[in-house]
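In what follows, every chain begins at residue 1, and chains take the letters A, B, ... in the order their sequences are listed. It should be emphasised that the depicted structure is a prediction, and the values quoted were computed from it without experimental measurement.
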Amino acid sequence: MSLRVFNTLTRQKEPFQPIEEGKVKMYVCGPTVYNYIHIGNARAAVVFDTVRRYLEYIGYEVTFVSNFTDVDDRLINASKERGESVPEIAERFIKAYREDVGALNVRPADVHPRATETIPEIIAFIQKLIDKGYAYEAGGDVYFRTKKFRDYGKLSHQSIDELKVGARIQVGEHKEDPLDFALWKAAKPGEIKWDSPWGEGRPGWHIECSAMVEKYLGNTIDIHAGGQDLTFPHHENEIAQSEALHGQIMAKYWLHNGYLNINNEKMSKSLGNVILVRDLIKAYDPNVVRFFILTVHYRHPINFSDDLLKSAAQSFERLRITHLNLRHRLEKSADLLEEEKEKVWTAKTDEFRRRFKEEMDDDFNTANAISVLFDVAKEANVILQDKNSSRQVLQAYLDLLDEFANVLGLTLKQDVVLDEDIEALIKRREEARKMKDFATADRIRDELKAKGVILEDTPQGVRWRRI
RNA sequence: GGCGGCAUAGCCAAGUGGUAAGGCACGGGUCUGCAAAACCCUUAUUCCCCGGUUCGAAUCCGGGUGCCGCCUCCA
């Protein structure tokens, strides 16, 4: 079995074959940095970070590029409202983005280009489109001539006629056709601006991605990804720009993640139910948030609620406890394995690995991959029941858990550092238990529980963890 | 109007032709000084409804019901 991915372009799962053997060029549309990111943004970031990790796990060399949109209408509006400059706002929220997404264990991209640092390339791109007749200047704006691009609508599977029904020309725009979209917008007085052959202005939203993909990855890339809502118009327009200019396809595979709802309602400002990552990770371990996101297939809608998150926290705790218990037991175990028996265990762990890969190969089915993780934990727990477990076997299962968790960007390992006074209490309880003074032992155990430390007596001695 | 998605146990969620993964919660048992953790057992003769195709369907086809999304800034 090898990797198959669902391609929005064909609406089918296709065998994944990169353009260049062993290498993957991947671009993910990043945030417009005018605010803190919400959990919908987080889902996209986590999902495609996981895709990247898995591609690397199966041996690809991945070049991962993700942009920051640091100039556009929303930033300009925010600038007016807050009396702060556009670059100030952008800088602040880029920093916040890195923190938020970093907490969720999303690795930084190889390159994080910014629109404002790509202006010369954007202008050159637009100029070439004008030269080829795919774009026109009108009143200081430049628009893409949609009807000239024959494939327009191929990604969202809409005909131009159907799309026209919803299209509007805003007041002040000078489009030839309602479906045309801005490549360059003339600056209004006081707005942030750059010089261009068409006067002072700023790039439209879609053009930056086309220019960045070309600059950092080339004319055709392997994977272009983003949220479902970017399919139209953003990605459709990117395709129009890039393919009109280059005469070759922009990306082989287009991946889109599904929506995230809050208590079964769409998350939106008007409903007032937007949850910021920043706030969420104050209440929940970021690992749990990531785990929760990955328990649902990335293309399916995911519902968010307190109860669901609590349930996910319980679920994830099971994996963490097994991990912790393996480590505790490893300190007390000896190497007992004979060579032939080792082969049996290796065969078992290889089988888990095969299953994990099989699930991830099926369009990144993280939900099923996680179920393999639970099966590994179950097996490990059974081994922990045995009084004479071998060190090699325990270590093999611990490593396997870490290996899978790492592909998913999850951290199972917890370091439990105890204060001196807590250690002293544990020691006192041990002495009390030896003397069969269970009243004292239980009192200390309750006391520690109140402080967030759970004690568990095992045949190998006392074991502790934090709540 | 056009395009698309979803409906599986109390809850979450995989599964898209071969006889219902996994997790949470619940109940019983084992282990334990008691716990905790863990393990074992139990928990959907059945996958929104009605027809059809098939040796066989949650899975395919037709019809219906309900919910949702996109077509406009949006992950």
Side-chain angles (χ1 to χ4, degrees), chain A residues 8 11 13 28-32 34-35 37-48 72-74 77 153 156-159 161-168 170 178-179 205 225-234 236 256-261 264-269 274 291-292 295-303 305 307-319 321-322 324-325 328 355 359 362 365-375 377-378 380-386 433 436-439 441-442 445-446 449 454-459 462-465:
Chain A
T8 304
R11 288 182 175 162
K13 283 185 199 170
V28 178
C29 289
T32 299
Y34 72 111
N35 203 346
I37 59 163
H38 58 246
I39 52 181
N41 299 303
R43 184 182 193 190
V46 163
V47 159
F48 296 117
D72 87 328
D73 291 349
R74 280 176 293 169
N77 290 338
S156 50
H157 301 274
Q158 301 268 335
S159 72
D161 291 340
E162 285 155 358
L163 288 168
K164 271 188 183 158
V165 175
R168 303 254 142 60
Q170 304 269 311
L179 273 183
W205 175 35
Q228 204 177 73
D229 47 351
L230 293 184
T231 309
F232 189 88
H234 185 55
E236 197 73 71
H256 294 97
N257 66 278
Y259 280 105
L260 188 148
N261 297 320
N264 293 312
E265 286 180 313
K266 183 179 173 171
M267 181 167 58
S268 71
K269 272 188 187 162
V274 173
F291 174 80
F292 175 71
T295 55
V296 178
H297 187 92
Y298 79 91
R299 282 188 284 113
H300 293 182
I302 188 170
N303 193 30
S305 76
D307 283 348
L308 293 173
L309 223 50
K310 278 180 183 147
S311 172
Q314 278 301 115
S315 186
F316 188 64
E317 190 65 8
R318 179 177 165 83
L319 295 176
I321 289 174
T322 298
L324 196 66
N325 291 351
H328 173 258
R355 284 177 53 205
E359 299 299 352
D362 183 15
N365 194 331
T366 53
N368 279 348
I370 285 172
S371 82
V372 176
L373 219 55
F374 279 101
D375 289 341
K378 167 83 116 195
N381 284 330
V382 169
I383 293 162
L384 284 169
Q385 304 265 89
D386 190 341
R433 284 190 74 221
K436 304 244 184 264
D437 178 6
F438 294 120
D442 291 352
R445 189 169 62 193
D446 289 345
K449 191 178 178 184
I454 301 271
L455 293 190
E456 296 170 355
D457 300 317
T458 79
V462 65
R463 187 169 72 192
W464 56 82
R465 62 188 161 90

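Distance from the side chain of A:H38 is smallest for B:A75 among the nucleotides B:C24, B:A75, B:A14. Side-chain atoms of A:Y259 lie closest to B:G69 of the nucleotides B:A36, B:G69, B:C24. Of all nucleotides listed (B:C40, B:A21, B:A38), B:A21 comes nearest to the side chain of A:S371. The side chain of A:H297 sits closest to B:A14 out of B:A14, B:A35, B:G23. If you check B:C12, B:G23, B:A38 against the side chain of A:L308, the one that comes closest is B:C12. The side chain of A:W205 lies closest to B:C74, out of B:C74, B:A14, B:G23. If you check B:G69, B:C39, B:C73 against the side chain of A:R74, the one that comes closest is B:C73.
Atom C1' of B:A9 sits at a distance of 14 Å from the matching atom of B:A14, rounded to the whole Å. Using C1' as the reference atom, B:A7 and B:C48 are 6 Å apart when rounded to the nearest Å. One P atom belongs to B:C6, the other to B:C74, and the distance between them is 25 Å to the nearest Å. Nucleotides B:G23 and B:C41, compared at atom P, are 12 Å apart to the nearest Å. With both ends at atom C1', the span from B:U19 to B:C26 equals 28 Å, rounded to whole Å. B:A25 and B:A38 have their P atoms separated by 10 Å, given to the nearest Å. Taking the P atoms as reference points, B:C71 lies 24 Å from B:A13, given to the whole Å. For the P atoms, the distance linking B:U45 with B:U32 amounts to 37 Å, nearest Å.
A donor-acceptor contact closer than 3.5 angstrom links the side chains of A:T32 and A:R74. In the model, A:N41 has a side-chain atom that pairs as donor or acceptor with a side-chain atom of A:H38 under 3.5 Å.
No side-chain heavy atom of A:Y34 sits under 4.5 Å from any side-chain heavy atom of A:N77. When side chains are defined from C-beta on, A:Q314 does not count as touching A:F316, because their heavy atoms never get closer than 4.5 Å. Side-chain contact between A:H328 and A:R465 is absent, with no heavy atoms from C-beta onward closer than 4.5 Å. Using a 4.5 Å cut-off on side-chain heavy atoms (C-beta onward), A:N257 and A:R299 make no contact.
What separates CZ of A:R465 from P of B:A35 is a distance of 16 Å, to the nearest Å. For A:Q385 and B:C31, the CD to P distance is 12 Å, given to the nearest whole Å. The distance between atom CD1 of A:I383 and atom C1' of B:A37, rounded to the nearest whole Å, is 16 Å. Distance A:H300 NE2 to B:G69 P: 17 Å, rounded to the nearest Å. Straight-line distance from the CG atom of A:L309 to the P atom of B:C12: 14 Å, rounded to whole Å. Taking atom CD on A:Q314 and atom P on B:C12, their separation rounds to 17 Å, with Å as the unit. Here the C1' atom of nucleotide B:G23 and the CD atom of A:E359 are 15 Å apart, to the nearest Å. If you take CD of A:E317 and P of B:A36, they are 15 Å apart, rounded to a whole angstrom.
Summarising the base pairing, B:U45 is matched to no nucleotide, lacking a Watson-Crick or G-U wobble pair whose two defining distances lie under 3.5 Å. Across all strands shown, B:A20 has no partner, as no Watson-Crick or G-U wobble contact with both distances under 3.5 Å is found. Under the Watson-Crick or G-U wobble criterion, with both distances below 3.5 Å, B:A9 is left unpaired in every strand shown. When both distances must be under 3.5 Å, the Watson-Crick or G-U wobble mate of B:A58 does not exist. Using N1 to N3 plus N6-O4 or O6-N4 for Watson-Crick, or N1-O2 and O6-N3 for G-U wobble, each under 3.5 Å, B:A14 pairs with nothing. Base pairing of B:G4: its partner is B:C68, meeting the Watson-Crick or G-U wobble criterion (both donor-acceptor distances under 3.5 Å). Within the shown strands, B:U30 is the pairing partner of B:A38 under the Watson-Crick or G-U definition, both distances less than 3.5 Å.
Base contact: A:N368 has a heavy atom under 4.0 Å from a base atom. A:D457 comes within contact range of at least one nucleobase, with a heavy-atom separation under 4.0 Å. Nucleic acid contact for A:L260: base, since at least one base atom lies under 4.0 Å from a heavy atom of the residue. In this structure, A:Q158 reaches the bases: a heavy-atom distance under 4.0 Å links it to at least one base atom across the strands shown. Contacts of A:R43 with the nucleic acid, taken as non-hydrogen atoms under 4.0 Å apart, are absent. Among the heavy atoms of the strands, none lies under 4.0 Å from A:L384. Residue A:I37 is out of contact with every strand shown, counting any heavy-atom pair closer than 4.0 Å. Within the nucleic acid shown, A:N325 comes within 4.0 Å of sugar-phosphate atoms alone, with no base atom in reach, counting heavy atoms only. A:N303 comes within contact range of no nucleotide atom at all, as no heavy-atom separation falls under 4.0 Å. Nucleic acid contact for A:K266: base, since at least one base atom lies under 4.0 Å from a heavy atom of the residue. Nucleic acid contact class of A:F232 (heavy atoms, under 4.0 Å, all strands): sugar-phosphate only. If you check every strand for non-hydrogen atoms under 4.0 Å, A:G227 touches sugar and phosphate atoms only. Within 4.0 Å of A:H256, counting heavy atoms only, lies no atom of the nucleic acid at all. Across all strands, A:F374 comes closer than 4.0 Å only to sugar-phosphate atoms, never to a base (heavy-atom distances).
Dashed line: the shortest gap from a side-chain N or O of A:R318 to OP1 or OP2 of B:C39 is under 4.0 Å. Note on A:N41: a side-chain N or O is less than 4.0 Å away from OP1 or OP2 of B:A75. One finds no side-chain N or O of A:N77 lying less than 4.0 angstrom from the OP1 or OP2 phosphate oxygen of B:C73.
With rounding to the nearest 0.5 Å, the separation of CZ in A:F292 from CG in A:L260 is 7.5 Å. For the atom pair A:R433 CZ and A:R445 CZ, the distance stands at 8.0 Å (nearest 0.5 Å).
Here the closest non-hydrogen pair linking A:V47 and A:Y298 is CG1-CB, 3.6 Å.
Looking at A:D442, its side chain comes within 3.5 Å of the base of B:G33 through a donor and an acceptor atom. For a distance-only test at 3.5 Å, the side chain of A:R445 qualifies as a donor-acceptor partner of the base of B:A35.
A residue-by-residue look at A:T32 and A:R299 shows that A:R299 has its nearest nucleotide of RNA chain B further toward the 5' end. Two residues, A:K310 and A:A441, neighbour RNA chain B, and the one matched to the more 5' nucleotide by heavy-atom proximity is A:K310.
The one candidate from A:L373, A:L319, A:L309 that meets the side-chain contact (heavy atoms from CB on, under 4.5 Å) condition with A:F291 is A:L319.
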